[in-house]
**Q** 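Provided herewith is a single structure, encoded as structure tokens, for subsequent inquiry.
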Amino acid sequence: MARNLKIRDLTLRDGQQSSFATRMNQAQIDRCLPFYKDANFYAMEVWGGAVPDSVMRYLNENPWTRLETIYKAVGNVSKLTALSRGRNLFGYSPYTDEIIDGFCRNAIESGLGIMRIFDALNDVDNVKSTIKYVKQYGGIADCAVCYTVDPKYPELSFWDKLRGKKNPAPVFTDAYFLDKAQQMAALGADMITIKDMSGLIPPRRVATLVKLFKQHLTIPVDFHTHCTPGYGLASVLAAIIAGVDIVDTNCWYFAEGTGAPAIELIYVFCKKLGIDLGVNMEAVAKINTQLREIRKELNQSVFGVEKPEPKAFNPLTDTLPAEIDALFDRAIKAAQADDEAATIDACRKIEAYFGFPAPNELVQKAEIPGGMYSNMVAQLKQLKAEEILPRAMELIPSVRLAAGLPPLVTPTSQIVGAQAVNCALDEKAGRPMYTNKSSQFVGLVKGEYGKTPVKIDPEFRFKICGVREETPYDTSKYKMQPNPELPEAGGVKLAANEKEVLLLELFPTVAKIFLTNEKVKAYKATQAEEQAKEKEAAQAAEKPKAVITGNVVAAPLPGRIIEINVKVGDTVKAGQEVLTLEAMKMENAITTDYAGTVKQILVEVGENVPTDAPLIEVE
């Protein structure tokens, strides 16, 4: 009897997020859904991650509508999957059980079948509540162990070695990952995912982990990876041969590169291995017909250029050249023989033949996520300080170790990367390192995100946070977001129901703008045409340019204003926090260098400002 391998399709969530900045709109997704219903994937990842934020922020669409529409079209043919960050859900701060309960209940009622739950620190305590509520409401709890690697510490000098100095011992061992998986299984996990969102796990390591997990766990094991550094396809093949139960793939035109491997290539391997995927590949070909056009639309609208697409391939109808078919056989034999180098070589040649992106060697050598690297580059470009990138990269191991060696996954990878940039900027300006630090880095070191893999030096914690003891986030002090009436929308509430309240809690700034716009739009639709024109004219009127005579608090970097802590007439002291600026997904407290009275507030909450934009006038 043929062995079965289940496929989780990532195309509509992780696939479009990894390659197309999560910009697929509902109309584009609707074009694919009739064929997804026929494809018979075990699961389809369609929600969570960046989807809820992006559909509101960029597409002016409702995230709940996205999930409900897909469920209505696909039904129970495939289990719909979402990705969440445990107690943090989609944000950077832990939520109360009440919020987690409401979120899980509404998601499952809206059609969600599987919740993939991970914690950026692999702190098992942070996934407990989500497991509990997902199972309580009839969902499947898929708990992810986040794969990461130990830092590449600088090589010790001769004198360091003479003095007996040693680099820290490895932390992220096979025993470490198995222990996390067993703890999650004990809490009720229905399956375990080896989550390698950076694509850093090579074939031999994943084969070892899969065998270890299958030996010690009684629940299914899934493998999730990306192709950025060039291991993805080879590592999925190694995982399949090692006995993994489920693998994550993308459809052809959204696969490989920064995404997951292509199901079409996995299908060829599995056909040769006598493994049944249970997927209707004819329906997958029809999905790809739609995705090819959608890819072109997204390239033009999001990137403004036509990125090269892979060579067309349908494994049901296309005959592979003999030399390429032989590469598949060679890769299988190499993986079965545990010949890692030969497995990688054959798989990369297969990918090159089809025109998929070459491995990102910088990410491979630096062993950091591609998204973390691109965020650092973007941050330095905005600051016009690209020349310090090499130094920022050098500082990552020391910053990460000082912060308790967090795994490099969202959001900790961004937090560590942004802090390495801040430290490099401090150094360049002749300031002590850690003079500038984001609120998120302070929270990580303080203990608000949970327990880090290694303990943080109390003296370092005191330097960063002003306290020596680990201080967990106190959810008892959690305050719900305000839900005011909107005069501009006829006095209706900003959030009209529980789902909208949840959006407001999970995405305060983005949801407030989205919901306000939705309510105002609905209100305007009920008004007479003349009234609507008058209101639009008033909104379009330019704000008179402010006359500034006093001292100005200016934006040190571009970003979005998310909180203003003072009002006109307030007395402020030098060094006092006056507002909070969100930049590169980090919250930055902006202080005044001047003492005096607040004369003018020159920005509004939600407003995007460039570097050096005047924010507040102090006299």
Side-chain angles (χ1 to χ4, degrees), residues 9-36 39 44-47 49-61 63 66 69-70 197-199 225-230 232-233 248-265 284-314 318 348 350-363 369-375 377-378 381-382 410 584-585:
D9 177 76
L10 308 177
T11 307
L12 301 183
R13 202 290 295 175
D14 191 275
Q16 62 143 328
Q17 181 174 323
S18 296
S19 299
F20 299 102
T22 327
R23 295 296 204 279
M24 278 184 84
N25 60 40
Q26 190 64 54
Q28 290 168 326
I29 282 177
D30 288 346
R31 284 151 53 184
C32 303
L33 294 181
F35 311 114
Y36 266 106
M44 292 167 53
E45 188 179 74
V46 298
W47 212 58
V51 165
D53 180 298
S54 292
V55 299
M56 287 190 290
R57 186 189 296 262
Y58 302 115
L59 306 175
N60 297 314
E61 295 179 358
R66 170 70 57 96
T69 303
I70 296 173
M197 64 174 290
S198 306
T225 191
H226 289 246
C227 298
T228 316
L233 183 62
D248 294 5
T249 64
N250 286 330
C251 293
W252 191 255
Y253 289 104
F254 278 43
E256 303 284 331
T258 51
I263 183 175
E264 292 79 5
L265 300 181
V284 171
K286 293 175 182 176
I287 292 170
N288 274 318
T289 299
Q290 299 299 321
L291 292 178
R292 187 176 189 184
E293 294 306 311
I294 292 168
R295 175 191 176 102
K296 292 175 182 176
E297 294 162 11
L298 293 174
N299 277 335
Q300 290 300 322
S301 62
V302 178
F303 304 110
V305 295
E306 189 63 41
K307 289 165 61 175
E309 66 178 41
K311 186 182 298 184
F313 177 57
N314 181 343
D318 296 337
R348 286 183 182 171
I350 291 168
E351 291 166 320
Y353 167 76
F354 286 110
F356 287 115
N360 185 322
E361 292 186 4
L362 190 149
V363 170
M372 175 181 177
Y373 174 74
S374 59
N375 278 349
V377 171
K381 278 185 178 177
Q382 287 182 339
T410 303
M584 302 300 297
K585 296 187 178 181

**Q** What's the spacing between Q17 CD and T11 OG1 if we round to 0.5 Å?
**A**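 So the gap between those two atoms works out to 13.0 Å.
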
**Q** To the nearest 0.5 angstrom, please state how far the OH atom of Y253 sits from the CD atom of Q290.
**A**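 So the gap between those two atoms works out to 12.5 Å.
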
**Q** Considering non-hydrogen atoms only, spot the tightest contact between C251 and N288 and give its length.
**A**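 Answer, listing the atom of C251 first, then N288: CB-OD1, 3.6 Å.
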
**Q** Testing the basics here: between S19 and G259, what is the closest heavy-atom pair and its distance to 0.1 Å?
**A**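 Taking every non-hydrogen atom into account, OG-N, 4.3 Å.
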
**Q** Backbone N or O of S198 within a donor-acceptor pair of the H226 side chain at under 3.5 Å?
**A**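 No; judged by distance alone, with no hydrogens or angles, the pair does not exist.
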
**Q** Is there a side-chain contact between F354 and L265, using heavy atoms and a 4.5 Å cut-off?
**A**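 The answer is yes; the side chains approach within 4.5 Å.
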
**Q** Just verifying a value: how many Å separate F35 CZ and T289 OG1, rounded to the nearest 0.5 Å?
**A**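 Separation between the atoms: 7.5 Å.
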
**Q** For the backbone of P357 and the side chain of E256, can you confirm whether one donor and one acceptor N or O come within less than 3.5 Å of each other?
**A**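 No, the answer is negative, given that no donor and acceptor are paired below the 3.5 Å cut-off.
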
**Q** Could you tell me whether the side chain of I294 reaches within less than 4.5 Å of the side chain of F254, counting heavy atoms only?
**A**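 SC-SC contact between F254 and I294 confirmed.
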
**Q** How about K296: does its NZ atom have over 12 heavy atoms from other parts shown lying under 6.0 Å from it?
**A**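 Yes - once you tally the heavy atoms of other residues, nucleotides and ligands closer than 6.0 Å, there are more than 12.
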
**Q** Write down the atom of A285, the atom of N314, and the distance for their closest heavy-atom approach.
**A**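 Taking A285 first and N314 second, the nearest heavy atoms are CB-ND2, 3.5 Å.
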
**Q** How far apart are the closest heavy atoms of S54 and A21, and which atoms are they?
**A**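 Result for this residue pair: OG-O, 4.4 Å.
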
**Q** The test is side-chain contact (heavy atoms from CB on, under 4.5 Å); show your working for R295 and R292 and say whether it passes.
**A** CA-CA 5 Å; R295 175 191 176 102; R292 187 176 189 184; 5.7 Å; no

**Q** Please answer whether the main-chain N or O of A50 pairs with a side-chain N or O of T22 as donor and acceptor at a distance below 3.5 Å.
**A**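 Not confirmed, T22 side chain does not pair with A50 backbone.
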
**Q** So, D9 and Y36: side-chain donor and acceptor under 3.5 Å apart, yes or no?
**A**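 There is such a pair (donor and acceptor under 3.5 Å, judged by atom type) between the side chains of D9 and Y36.
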
**Q** Between V363 and N360, which heavy-atom pair has the shortest distance, and what is it?
**A**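 What the structure gives for the nearest pair is N-OD1, 3.0 Å.
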
**Q** I need the E297 CD to N25 CG distance, nearest 0.5 Å.
**A**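 The CD atom of E297 sits 8.0 Å away from the CG atom of N25.
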
**Q** Show, in sequence, the C-alpha distance, side-chain angles and deciding distance for M24 and L298, and conclude whether the side-chain contact (heavy atoms from CB on, under 4.5 Å) test is met.
**A** CA-CA 7 Å; M24 278 184 84; L298 293 174; 3.8 Å; yes

**Q** Between F356 and W252, what is the ring plane arrangement, given parallel below 30°, perpendicular above 60°, and tilted in between?
**A**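 Judged by the thresholds at 30° and 60°, the geometry between F356 and W252 is perpendicular.
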
**Q** Looking only at side-chain N and O atoms, does Q16 offer a donor or acceptor that is under 3.5 Å from a partner on R23?
**A**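 No, no side-chain donor-acceptor contact under 3.5 Å.
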
**Q** Do D318 and E264 make a side-chain contact, defined as non-hydrogen atoms from C-beta onward lying under 4.5 Å apart?
**A**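 The answer is no, as the side chains (C-beta and beyond) never meet within the 4.5 Å cut-off.
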
**Q** Under the side-chain contact (heavy atoms from CB on, under 4.5 Å) rule, what do E45 and D248 come out as? Steps first, then yes or no, please.
**A** CA-CA 9 Å; E45 188 179 74; D248 294 5; 5.6 Å; no

**Q** With heavy-atom distances below 4.5 Å as the criterion, would you say the side chains of L33 and L12 are in contact?
**A**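 A side-chain contact under 4.5 Å exists here.
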
**Q** Work out which heavy atom in C227 is nearest to a heavy atom in G232; give both atom names and the distance.
**A**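 Looking at all heavy atoms of both residues, the closest pair is SG-CA, 4.0 Å.
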
**Q** From the options L233, I263, L10, select the one residue that forms a side chain to side chain contact (heavy atoms under 4.5 Å, CB included) with T249.
**A**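 For T249, the side chain to side chain contact (heavy atoms under 4.5 Å, CB included) check succeeds only for I263.
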
**Q** So, E61 side chain and Q26 main chain: donor-acceptor pair closer than 3.5 Å or not?
**A**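 Judged by distance alone, yes, a pair lies under 3.5 Å.
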
**Q** Do E309 and N299 have side-chain N/O donor and acceptor atoms under 3.5 Å apart?
**A**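 Not at all, the side chains of E309 and N299 share no donor-acceptor pair under 3.5 Å.
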
**Q** Take K381 and V377 through the side-chain contact (heavy atoms from CB on, under 4.5 Å) test and state the conclusion after the steps.
**A** CA-CA 6 Å; K381 278 185 178 177; V377 171; 3.9 Å; yes

